[in-house]
Every structure is written in C-alpha cells, then in structure tokens.
Amino acid sequence: MAVAVKNTPETRTPSLFDRLSAVSLAGVVYVLGTVGIVFKGLPALWEQLGLPSDSFMGVALEGAALLAVLVVLLVVGVRLMGPTARPGLRAGIFTGLVLLLVLTLVGRWLGGILEGWVYDGGWFPGNEAMVGGILAGVIVGLLALWVLRIFFRRGFENWLVRFEEQGWFSGKAFKPGQGLRVRRGTILGILLLAGSGIWVLVNRGTLGSGGWEINIPFTGQFVVEDIGDAGSALESTPPQQYRVVDPGWAEGLEEGTTLSFDRATELDEKVLGPLAATKKKELDGLIADLLTQALDKARVQKSSVKTLADLQKALNAPRESTERVTDPEVARLVGRIEELKRFEPLLGEKTGLKRFGAQREIDRYVLAEQEREKERKKVSKESTAGTASSSAVELVVRWTDRNRLPILAPVLERFRVRDINKDLDPLSFRIVRDTPLQFPTGAGDESWIWFKPGEIVNQRDFEDKVEAIKKELTARGERGVDVEDLAKKAAPPTKPMEGHVVYASITLLPAVRFTIPLLLLLLTIWLAWRVVNLPTFGDFLIATEAELNKVSWTTRARLWQDSLVVLTTMLLMALFLFVVDIAWGKILSWNPIGVLQVKTQTEKPKDEANLKW
C-alpha cells in the first residue's frame with residue numbers, strides 16, 4: 001500500500017551576513033587588517049627578532065617578506081569571496097573604505113575645532129585632555145552610527161549593486177575584438193597625460209619625504225626646547241616624560257624615543273653625570289688655555305696683569321692709564337672666558353632639568369659665536385687663520401664636540417604649558433634676577449626694600465615700586481640715578497617656554513614620495529582600462545575606428561611630396577615677410593620721410609641716462 005509523504009521545506013535562521021552591508025563591512029575589516037599586518041605588524045616583528053634592516057640585503061629581504069605576505073593575504077581574501085563574488089560586494093568594500101576615510105577626516109576636523117575651543121576658552125580646567133577627548137569621541141561615535149545606519153539601508157545596498165554593475169570593479173573587456181587600435185591609443189594618451197603629472201610631482205619634490213598622517217585631537221604633547229623662566233614651576237611638579245632630542249655620547253639611546261621620569265633620573269645619575277664631570281674638567285682646561293693666550297697678549301703690551309681679574313680691570317681702565325689694555329683680541333678672549341664660565345654650574349653638581357638641556361645651550365652659544373666671528377672677519381677683512389680669536393673659536397668647537405651630553409626635552413601636556421606660559425607673559429610679568437636697588441631711606445641702616453631674587457612680579461607692581469623709589473630719592477635729594485634702567489636690568493621681562501607640539505597620529509600613507517606616485521600610476525592604469533571598456537564609450541571608440549577604416553589614406557611617396565611642398569611654402573613666406581619688413585623699415589625711417597623713429601644703439605633716453613644705480 002503506497003503512502004504519500006509530504007516534504008516540508010527546510011527553514012534556516014536568517015544570519016547577519018545575509019546582508020550585503022554586513023559582508024561589505026567584513027571585507028573592509030579584512031582589508032584594514034591586511035594593511036596593518038603588512039605595514040605595521042611585520043616590520044615590528046622583524047625588529048623584535050633582531051633581523052637586519054639597515055643594510056641593502058636586510059632591506060631587500062624585509063621588502064621581499066612584506067611582498068610575499070601581501071600576496072598571500074590578497075589570495076586568501078579573493079578565495080574568501082568565493083568563485084562568484086556576491087553582486088555589489090566589491091563596490092561595498094570600496095565604498096566602505098571611502099566612507100571610513102571621509103569619516104576619519106571629518107572626525108579629525110570636528111575634534112580639532114573642539115580642541116581649539118577648549119584650549120582658547122579654558123574649559124574643563126585640569127581635565128581638558130580627558131573630558132575633551134571623551135566629547136570628541138562621542139561626536140565621532142554618533143557620526144559613525146549615522147553613517148552605519150545609512151550603509152545598512154536596503155536602498156543603499158541596491159545602489160551598491162547598481163554601482164558594481166557599471167563595470168568599475170570588473171576586469172572583463174567589452175567587445176574585446178573590436179576597435180583595438182583606437183582603444184590602445186586612448187589608453188596610451190591617458191597614461192601619457194597622467195604620467196606627465198606624476199613626473200612633475202616627483203621631480204619638483206611637491207610630495208615631500210614624510211608620510212600622510214592625521215593627528216588625533218586632545219593627544220598633543222609639548223616638547224620643550226627652551227624652559228625659559230618656567231624652571232620653578234617644573235621643579236615643583238617634574239615632567240613625567242622626556243624625549244631624546246640628541247643621544248650624544250650616551251650608549252643605548254635613540255633619537256626620538258620617549259623616557260619615563262624614573263628612566264631619565266637613572267640616566268642622569270649613571271650616564272649624564274659622569275659625562276658632565278668629564279666635560280667640566282675639559283672646560284676648566286679650555287678656560288685655562290684661553291686665559292694663557294689673553295695674558296700673553298696683554299704682557300706684549302707691557303701690562304702687569306697676572307689673573308683674569310687683572311685683565312678685566314686693565315680692559316676697563318681709563319684711557320689715560322698706562323696699565324690699560326687696548327688689544328681687541330684680549331677683549332674678545334676675556335669675553336669668551338666669561339661666556340664659558342656660565343656653563344660651569346650646568347656641568348657641575350646636579351642641576352635637575354637644566355642639565356638635560358646643557359648641551360643645547362652650549363651648541364647655541366658656539367653657533368652664535370661662529371656667526372659672530374664670521375661677520376667680524378668680513379667687516380674687518382682679516383685673514384681666515386692666524387688670529388687668536390679664530391684659534392679660540394676652534395678650541396671651543398672641539399670642546400663642544402667632545403663628550404657630547406645627551407639632550408632630553410621635557411614633554412608636557414599642551415594645556416599645562418598654556419597655563420604656565422600665561423603667568424610668563426613678557427608683556428605683563430617680570431622676573432627678578434638681581435637685587436641692585438639698595439638706596440638709603442634715611443632711617444638708620446635700613447635699605448630700600450626690593451623684590452626677592454627669582455620672584456615673578458606683575459608689570460603694574462613693578463612700575464609702582466619704581467615710582468615709589470623715584471619719589472623717595474627725590475625727597476632725599478639724591479639725583480643722577482637712573483632708577484628705571486637699573487630696575488629693568490634687575491628684573492627683565494619673563495621668558496615663556498618654547499617648543500613644538502607632537503600629536504599621536506594615524507598613518508594613512510607612509511612615505512608619500514613613493515606611495516602616492518605608485519597609487520596614482522595603478523589607478524591611472526585601471527581607469528584607462530575601464531574607461532575604454534565602458535559600454536557607451538566602448539561603442540563610441542568602435543564606431544570611431546570603423547569611420548577611420550573608411551578613409552582613403554595617401555601613399556607614403558605622396559605624403560613626402562605634400563609635406564615638402566608645405567614646408568617649402570612656409571619657408572618662402574617667412575623669407576618674403578622678413579625682406580619686406582626690413583625694406584619698409586628702411587624706407588619709412590629714411591630722414592626725408594621720417595614716419596618711423598628708430599633709436600640707435602648709442603642713444604639712450606634721458607631718464608635712463610640719468611638713472612643712478
């Protein structure tokens with residue numbers, strides 16, 4: 001007995017990856033992962049393994065490894081798409097990458113605007129970076145959710161399918177056997193046009209040598225190049241990070257690396273201290289040599305000076321004094337000795353932040369001294385060798401280059417630097433360097449009360465103090481004292497911190513000098529191929545070649561004859577016009593006619609003759 005069995009269709013739970021948008025996003029993640037592995041992960045692994053990367057063979061092996069990994073990942077990606085890729089998937093991956101790039105740029109722009117408002121407005125004092133970063137992240141997150149919402153709409157998925165159906169992501173040729181000559185000529189023209197632009201970019205150095213990076217807002221760190229008058233503020237709360245600007249003679253340091261406070265302190269004790277002690281000993285020897293040269297030159301002038309103090313006294317002696325030293329070489333040597341002596345405290349016992357930048361101060365002094373010596377020789381027209389001043393500069397340069405100290409720059413949050421520099425505005429504040437204002441007040445042995453050394457005073461308080469001193473001196477009948485000049489020398493304007501801001505960044509393209517020309521070349525080749533295979537444009541090119549085939553072309557011999565006739569006619573016309581121009585110029589400039597006024601070589605306009613250069 002037969003029994004009919006009714007087959008029920010299998011039911012399958014819908015998956016998220018049934019949606020084209022979800023699969024496209026997975027493809028975007030795979031592409032980004034491939035780029036990260038090839039350009040970030042593999043070089044980091046290469047460095048961790050200690051493989052060579054500073055020689056030609058090492059660079060070649062690393063490049064071959066990167067290329068091999070890239071090819072493998074691309075093959076795996078194509079296999080994951082399957083033998084027949086889902087319609088719209090390639091367009092979805094491409095569109096997802098473009099939208100991600102646009103989202104990144106727009107988010108960076110909005111975050112930069114927000115950071116500017118926070119920085120200038122003083123919002124969220126003490127927590128600017130954290131609160132501002134959270135707000136920027138929320139804004140970018142909301143923007144990303146809005147883009148995802150659009151990306152997952154059915155209408156957008158249908159648009160992706162239509163976009164891919166236009167053929168931009170397919171390598172198939174349209175009517176491959178027709179219009180080949182015109183298509184090849186069109187491709188060649190596009191490649192020549194784009195290649196010329198790429199050549200100009202590379203030849204003129206427009207792209208530079210760095211990479212294309214975008215800064216992440218609220219991650220700015222201020223690398224201090226000159227502490228200025230912020231030493232007390234930094235010593236009370238020391239920076240927790242230091243950047244190696246110049247490793248000097250310290251082993252194990254690399255330029256651009258960042259050290260923690262503990263690591264910098266350890267480096268100061270174990271490396272910087274011994275190097276500074278050695279350099280100070282060499283400085284003492286250098287000063288002794290320069291002093292010997294200065295004393296020898298002074299004795300030539302029959303002076304009885306024996307010490308640096310005697311030299312200074314002899315240089316400042318009255319003109320009529322017989323002990324006065326007038327040799328400018330001696331004055332320059334004494335000036336260099338006095339300048340070099342100010343480096344002794346930096347190289348002596350531990351001086352905290354200042355010793356981290358001692359080598360920078362020395363380099364600046366030496367560079368300025370070299371420029372000054374060069375200008376002096378240019379003005380005085382002295383020879384480049386043989387003078388005591390030149391030999392002194394050479395000695396200072398050699399001392400500078402020996403036992404170079406590492407230069408560590410403090411790294412601070414840019415918001416903290418803003419707050420510190422606000423109290424160091426040279427237009428509003430002054431710092432007391434010395435206490436030269438000791439004027440008697442008439443009350444016993446009391447002296448005029450001046451500011452404390454190292455104190456930062458407001459400009460208004462400074463002016464009030466100066467006016468009070470002036471009134472007191474006037475009341476006491478003391479005149480001839482330039483109080484304001486003495487006060488300004490004792491308390492010069494404050495000097496803010498100087499440096500540059502470094503942000504954490506996302507590298508979009510490394511080494512744009514190479515990557516952008518390569519990408520433009522690949523894009524041009526692909527666009528040239530796809531353009532000539534678009535159905536509409538392809539039919540136009542095929543029709544153009546068909547019309548060209550109907551043209552009756554001349555023979556080679558006739559082409560040569562016609563070309564020769566055209567060239568001969570042009571030469572004869574040019575010769576005829578040249579002769580006619582000369583003839584009419586002579587006739588019309590003839591004195592009896594005088595229509596044309598022609599200047600001779602010896603004649604000059606009056607204004608030109610009187611012009612003084």
Side-chain angles (χ1 to χ4, degrees), residues 24-25 27-40 63 66-67 69-78 81 85 87-106 108 151 159-174 176 179-180 182-214 506-538 540-541:
S24 300
L25 287 180
V28 170
V29 173
Y30 185 85
V31 171
L32 294 178
T34 299
V35 173
I37 291 173
V38 173
F39 293 104
K40 289 292 185 181
L66 293 177
L67 183 60
V69 173
L70 178 62
V71 171
V72 170
L73 291 175
L74 290 178
V75 171
V76 172
V78 172
M81 294 176 67
L89 179 57
R90 295 188 180 93
I93 296 175
F94 173 79
T95 306
L97 291 173
V98 172
L99 288 177
L100 180 61
L101 176 61
V102 173
L103 178 64
T104 303
L105 296 177
V106 172
R108 168 64 185 89
F151 197 78
W159 178 84
L160 291 177
V161 175
R162 293 194 301 270
F163 183 29
E164 185 168 321
E165 288 176 350
Q166 294 177 5
W168 291 104
F169 306 97
S170 173
K172 295 181 180 179
F174 174 73
L180 294 180
V182 178
R183 290 188 183 188
R184 291 169 183 169
T186 304
I187 292 176
L188 180 61
I190 295 174
L191 291 178
L192 288 176
L193 183 63
S196 301
I198 295 172
W199 181 84
V200 170
L201 283 176
V202 175
N203 188 54
R204 292 188 177 181
T206 307
L207 301 175
S209 58
W212 181 20
E213 299 179 346
I214 60 171
I506 300 174
T507 303
L508 298 181
L509 278 180
V512 294
R513 184 174 58 178
F514 304 106
T515 54
I516 285 186
L518 181 60
L519 290 176
L520 288 177
L521 180 61
L522 295 176
L523 181 62
T524 302
I525 294 173
W526 179 253
L527 287 178
W529 167 256
R530 289 313 313 159
V531 163
V532 299
N533 285 286
L534 289 176
T536 304
F537 192 61
F540 170 75
L541 296 179

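Since we're looking at a predicted model, the values are computed, not measured.
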Out of curiosity, [X] [atom1] to [Y] [atom2], how far, rounded to the nearest 0.5 Å?
X      : Y      : atom1 : atom2 : answer
Ile190 : Leu192 : CD1   : CG    : 10.5 Å
Trp199 : Arg204 : CH2   : CZ    : 8.0 Å
Glu213 : Thr507 : CD    : OG1   : 4.0 Å
Leu509 : Trp212 : CG    : CH2   : 6.0 Å
Leu541 : Ile187 : CG    : CD1   : 9.5 Å
Thr34  : Phe39  : OG1   : CZ    : 10.5 Å

Less than 4.5 Å apart, any side-chain heavy atom of Arg183 and any of Asn533?
yes
State, with a plain yes or no, whether a side-chain heavy atom of Val76 is found less than 4.5 Å away from one of Tyr30.
yes
Do Phe174 and Phe537 have ring centroids that are under 6.0 Å from one another?
no
Minimal non-hydrogen separation, Leu207 against Val512, with atom names
O-CG2, 3.2 Å
Nearest heavy atoms of Gly92 and Ser24, plus distance in Å:
CA-OG, 3.4 Å
Does any N or O in the side chain of Glu164 come within less than 3.5 Å of the main-chain N or O of Phe169, such that one atom is a donor and the other an acceptor?
no
Please tabulate, for side-chain N and O atoms in residues 93-106, each donor-acceptor pair with protein atoms closer than 3.5 Å (sequence neighbours left out).
{"residue": "Thr95", "atom": "OG1", "partner": "Ala91", "partner atom": "O", "Å": "2.7"}
{"residue": "Thr104", "atom": "OG1", "partner": "Leu100", "partner atom": "O", "Å": "2.8"}

Using side chain to side chain contact (heavy atoms under 4.5 Å, CB included) as the criterion, list what pairs up with Val69, not counting sequence neighbours.
Ile37, Val38, Leu42, Leu73
Identify each donor-acceptor pair in which a side-chain atom of residues 515-530 lies under 3.5 Å from a protein atom, sequence neighbours left out, and give them as a table.
{"residue": "Thr515", "atom": "OG1", "partner": "Pro510", "partner atom": "O", "Å": "3.0"}
{"residue": "Thr515", "atom": "OG1", "partner": "Ala511", "partner atom": "O", "Å": "3.1"}
{"residue": "Thr524", "atom": "OG1", "partner": "Leu520", "partner atom": "O", "Å": "2.6"}
{"residue": "Trp526", "atom": "NE1", "partner": "Trp168", "partner atom": "O", "Å": "3.0"}
{"residue": "Arg530", "atom": "NE", "partner": "Gly167", "partner atom": "O", "Å": "2.6"}
{"residue": "Arg530", "atom": "NE", "partner": "Ser170", "partner atom": "O", "Å": "3.4"}
{"residue": "Arg530", "atom": "NH1", "partner": "Ser170", "partner atom": "O", "Å": "2.8"}
{"residue": "Arg530", "atom": "NH1", "partner": "Lys172", "partner atom": "O", "Å": "3.0"}
{"residue": "Arg530", "atom": "NH2", "partner": "Gly167", "partner atom": "O", "Å": "2.8"}

